[in-house]
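Read through the structure below, which is laid out as structure tokens, and then see the notes.
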Amino acid sequence: MPFSYVYRPEGVLDWLLPRLTVPRWDVLSGVGSEGRCLSAWRTLKMRGRLLQYRLIEVTESRRSRYSEDRSRLVAQHLAEFARLGADDSTLRRCELLGANADIVALADDFLGVTTGSVVFDVSVLPKRFFFPILRRLWTATDDSGRPLLRDLVLTYTVPRAYPVGPLSENASEWASLPLFGGAYRGLRPEMFILSIGFDALGLQARVEQESGLPLRMLIPFPGSPARCARAWEVMRLLVKNRKEESYRVYRVRTTDVSDAFDRLCILTQRGARGALLAPFGPKPVSIAFALFAILTDMPVYYTQPVVYRPDYSIGESEISNVPETHAYCLRLGGIDQYKVS
Amino acid sequence: MGSTVPSIGKGSMMHEHNPFQELYVTDSPDLKAFVRLFSDVPVHDAAPMFRPGNVVLKGTQGAGKSMLLNLLRPEVRLAYWQARERAHPFPVKESRFIGAGINLTKSGILDFGQRPVSNNAEHERAVLPLYFADFLNYFIVRDILDSVFLAAQHQEAFDSMVHSELFDDFAVAVCQQDCWFGALEGVASMTDLTAAIDTRISSYRKFHNFILKSIPPRIDATRSTIGEPISRVAELLRMSGVLDDDVEIFVRIDQVERFSRSDVIRRDLGREYRRMVNKALGLRDARVSYRIGTRQHAWEDDLTIYGTADQLEKLRDYRVIDLDANMRRGEDTKTWVFPRFAEDVMKRRLRQAGHESAEETDTLRFVFGSSPKPHDVAAAYVGKKNASPQRAIRPDPAWPDMWRRKLEELFEENPLSAVLAAAWLRQKKPCSSEGDAALEGTSAPWDSPYWKKERVRQALTQLAARTSQRPKWWGKEHILQLSGGNITIFLSICHEVWDAALRSYRRVETRLFGEMPINRDVQAVGIQTASDYWYDKIPEQPCGADRQRFMDVLGSQFKTWLLEDDTLSYPGRNGFSLAQSDLDSVPALKSFLSDASDYGDLVAVRHTTKERDRRRRTKWYLNPILSPHYQIPESHVKEPAYLSTDAILDWLSDASVLLGNGVQVAHSQRGKGRRKAHRRQSQEDSPSLFDVD
């Protein structure tokens, strides 16, 4: 099946904003220990495009050896938000392993104040949060059944660097992400599609156990040699106990949601063939997984880490002195930019 | 669907494939591969699985629980019939059953509790287990019906035990049962029945996906009690004639440990869900038999029956099949099942790959050869570098010259014996009567079987370290020992050894595979890689990063103990022992160690103590496969280090592991100055081999 060649607007946030007709946006954004948590919100604020907003701090469910460092960094970033004029009454907190209902409440709280044009910054939000929140934002309807959000843009800020070594640890058991359990008696999985990143905690055992399902791996490329090498090393370990003909590798650009979404459509014949989805790769690729799963009701599985390094990423990447915050238009003027059929 | 294991013909390229490439093929949904490669050896010790009555299948990760439970799946039975080349592995007289079950991960049952069903917390805690039970009932009943449909479509494969012409009569009879409290009213056919059940399950799932605002009132008013609908359906399948009278219904519930150990389920609720499953077993209902898959310690956590103070009773409520115990080596090696299992698994893999060695009587020995005698290992360590006797024996400067010369001569002749002799001398002193006799050559007590039996591996470890050699493992006996009764580990070792051999074969361009057994150095490389692989896998499991750091502390400590013990007095210090009462007093530590054992990082064994108090104790060792990684012996000899829980908590602190409930906060407040004292105390408290001699 050929690529769709559908144009889905996207670009660096600072470049894209003046090209969209929406004057001001409601923003839902995460606050955490990573410096890039500030980027999207700050850009919108400084350009005078910020309307309503909510900040989400995902707190630890268990103390770890990183707890003190993490708390210090989060406090620094909250102080920076305050310095930029953020109102602390907009801050919402939820535990990393909080109940699904608590996560959904974050989305519903935001839906209660939005005027319909939303920027959702997923840069520092764990998948356990941004997947269900995106589903709520995407599927929210008004009393007449029309989509509540007229415009929905997701943003993701590329960090300047990643530290050496594992970025997270103590993964939970293999489980579906909240609200992504898939349809009851849905399509029988015919393949196992996963995206690969720096870490793959718990994924290797699952890949080995599902050895009867053909493996389709989306690997980020191009990228810096170090990042590519790291992803390829993860892939090498994953297929260590697999016969060669049972897996295939597809390259997707790290920041290209549209490319990854099209790849999922092609692999599954636009959702006609069932698949197990496992997003372990870069956030933009995970956004594609989330959208595809929302549209097809396929299950998405993950091994949620319980502990993240406080320096999960370092700083923010810049293009011409502007933060490299990518913005992806999922819905504009009430028109969905992503469809499977 | 093609073969999952490469089938290779004879010829120069025939050995370019690794028959052990896929480790988990028996867990795979590729049923053809399952049929070809499944070894029925463990089935012989699992006979209760195919007979009426509840069975709990216990084992650590990779022990083969899911593999055995898979045998009950109707799809697997069908695959055996379709393959025709193999009969199903259970006895014909016990083949009259229908299997069904629930996958806790995929069914959505773990979502119960993720969304409030009530504004009142107390009411919520009371009512959620009831919804859980209702969902479980409907889901399993639906799966029973699916199994019956599959059997009806393939009568020959299922011994014509299903009579589909009676489906609608059965459905009408089912809906009239009072156990549904009217939920199935109006059902007039099998199609209606499955639709009604699907609607109910779907409603629950929609509620948990926040599509429905609340659980429909109709469900609320018709909640069923745990187990009863399942039993009624089983009974009516037989009474209505859909199933023959002698057909048993086996219901699988695997990974029960998830109720108590999962991060995605609230602990208080998980406990109640587990108790609800206990209640289903506690019904002692002959109409249906449950098959529970669980990890070792997780099962013992809580045997309480929901809503009561009663406990499940072993033998009365359920029988246990302990896969670890079945496969672990006991005192009597003649009854050790694992070598036969490993041999069978290896033969199947090699036969599938078209390898001629599959037809050997003892394939394992043919491929890997025998493990070396200790003296040969010692000679290999010394021979490579012409090791200095001074460095290897570390003679005491105070020893008389005659003794020093004797040890050096002995070293030239038999290095292992020299190391043992030096240790003996440190214990007995050179100027004793025993020392004089030994010096004159009238006796060599260090070579007596009794004295050296438990010290040989420690002596070899010391010799390897002192000659800057990496300890090596190779041969059939070592591979079986390192596998520790776990077939997945065994396959992993075979995989890595075979890969190493292929690499070597390509490099030297000779027909290595014509030269069995595989070269011992090649085996050693493969085994080392397998060990590192299992070490790297530790963080793959929940809380694995914490456990890996703890293992590092343990491995380092054990190695230090074994190397610094010049007198070879504590050869059992590749493990530690805790009194059960001490461990029970620190639940967070107990839970941590139980998890480490359940995930296969540690091996836990209850043992009797030599102490006067005769307290029950448990000893803990690293999983044998981790021994090459940490370069310590895999064998477990008498008397591990006897420790207090404080010493283990110190190790956890060293590993930066924080246990729950503020255990370590309280612990650390007592100060680190105590640590050295603990270590001294452990040296003093632990019985040494001196006590034996």
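First the proteins, then the strands, lettered A, B, ... as listed; each starts at 1. Just so you know, these numbers use all the heavy atoms, side chains as well, and skip hydrogens, waters and symmetry mates.
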Discussion item. Pair B/Tyr204, B/Phe112 - check ring-ring contact (aromatic ring centres under 6.0 Å, His included), show working.
Written reply: CA-CA 9 Å; B/Tyr204 276 119; B/Phe112 282 83; 5.3 Å; yes
Response to the item:
Here the gap from B/Ile487 atom CD1 to B/Ser492 atom OG, rounded to the nearest 0.5 Å, amounts to 11.5 Å
Fill in: chain A contacts, top residue of B/Lys206, B/Arg142, B/Arg547 (heavy-atom pairs, under 4.5 Å)
B/Arg142
Worksheet item: In terms of heavy-atom pairs under 4.5 Å, which option from B/Lys106, B/Arg205, B/Gln541 contacts chain A the most?
Response: B/Arg205
Discussion item. Report which part of A/Ile103 has an atom under 4.5 Å of a heavy atom belonging to chain B: side chain, backbone, both, or neither.
Written reply: neither
Worksheet, complete the sentence: With chain B, the option among A/Arg185, A/Arg128, A/Arg63, A/Arg62 that has the most non-hydrogen atom pairs under 4.5 Å is A/Arg185
Discussion item. Between B/Asp536 and chain A, with a heavy-atom cut-off of 4.5 Å, which part of the residue counts as in contact: side chain, backbone, both or neither?
Written reply: neither
Practice prompt. Test side-chain contact (heavy atoms from CB on, under 4.5 Å) on A/Gln304 and A/Leu96 and set out the steps.
Written response: CA-CA 9 Å; A/Gln304 176 60 52; A/Leu96 177 62; 3.7 Å; yes
Worksheet entry | B/Arg266 versus chain A, the contacting section by heavy-atom distance below 4.5 Å | neither
Discussion item. Side chains of A/Glu95 and A/Ser61 only: does a donor on one sit below 3.5 Å from an acceptor on the other?
Written reply: yes
Worksheet item: When you check the side-chain N and O atoms of B/Arg258 and B/Thr105, is any donor under 3.5 Å from an acceptor?
Response: yes
Practice prompt. Would you check if there is a donor-acceptor pair between the side chains of A/Asn241 and B/Tyr533 at a distance under 3.5 Å?
Written response: yes
Worksheet item: Would you say the side chain of B/Asp546 lies within less than 4.5 Å of the side chain of B/Phe550, judging by non-hydrogen atoms?
Response: no
Worksheet item: Where does A/Val207 contact chain B at under 4.5 Å (heavy atoms): side chain, backbone, both or neither?
Response: neither
Discussion item. Check whether A/Tyr247 forms a cation-pi arrangement with A/Arg242 (NZ or CZ under 6.0 Å from the six-membered ring centre, at most 45° off the ring normal).
Written reply: no
Worksheet item: Do the side-chain N and O atoms of B/Ser66 and B/Asp254 include a donor-acceptor pair separated by under 3.5 angstrom?
Response: yes
Worksheet entry | Atom CZ of A/Arg72: over 12 foreign heavy atoms under 6.0 Å | yes
Worksheet item: Who in residues 170-180 of chain A is close to chain B, using a strict under-4.5 Å heavy-atom cut-off?
Response: A/Asn170, A/Ala171, A/Ser172, A/Glu173, A/Trp174, A/Ala175, A/Leu179, A/Phe180
Discussion item. Quick check: A/Phe280 with A/Tyr302 (ring centres under 6.0 Å apart)?
Written reply: yes
Discussion item. Please evaluate residues A/Arg65 and A/Glu169 with respect to the criterion salt bridge (Lys or Arg N to Asp or Glu O under 4.0 Å), reporting the C-alpha separation (whole Å), side-chain torsions for both, the decisive distance (0.1 Å), and the verdict.
Written reply: CA-CA 11 Å; A/Arg65 55 186 174 146; A/Glu169 56 190 45; 2.9 Å; yes
Item to complete: Measure distances from B/Glu496 to the heavy atoms of chain A and classify the residue's part below 4.5 Å as side chain, backbone, both or neither.
Response: side chain
Worksheet item: With ring centroids as reference points, do A/Tyr338 and A/Phe292 lie under 6.0 angstrom apart?
Response: no
Discussion item. I'd like to know if the side chain of B/Gln61 pairs up with that of B/Arg295 as donor and acceptor (distance under 3.5 Å, no hydrogens or angles considered).
Written reply: yes
Worksheet item: Distance from B/Gln114 atom CD to B/Leu128 atom CG, nearest 0.5 Å?
Response: 10.5 Å
Worksheet entry | Toward chain B: residues of residues 129-144 of chain A with heavy atoms under 4.5 Å | A/Arg136
Fill in: Among the listed options A/Ser246, A/Gly182, A/Gly181, A/Pro299, the residue most often paired with chain B at heavy-atom distances under 4.5 Å
A/Gly182
Worksheet item: In terms of heavy-atom pairs under 4.5 Å, which option from B/Gln255, B/His495, B/Gln548 contacts chain A the most?
Response: B/His495
Worksheet item: Using non-hydrogen atoms only, which part of A/Ala105 is less than 4.5 Å away from chain B: side chain, backbone, both, or neither?
Response: neither
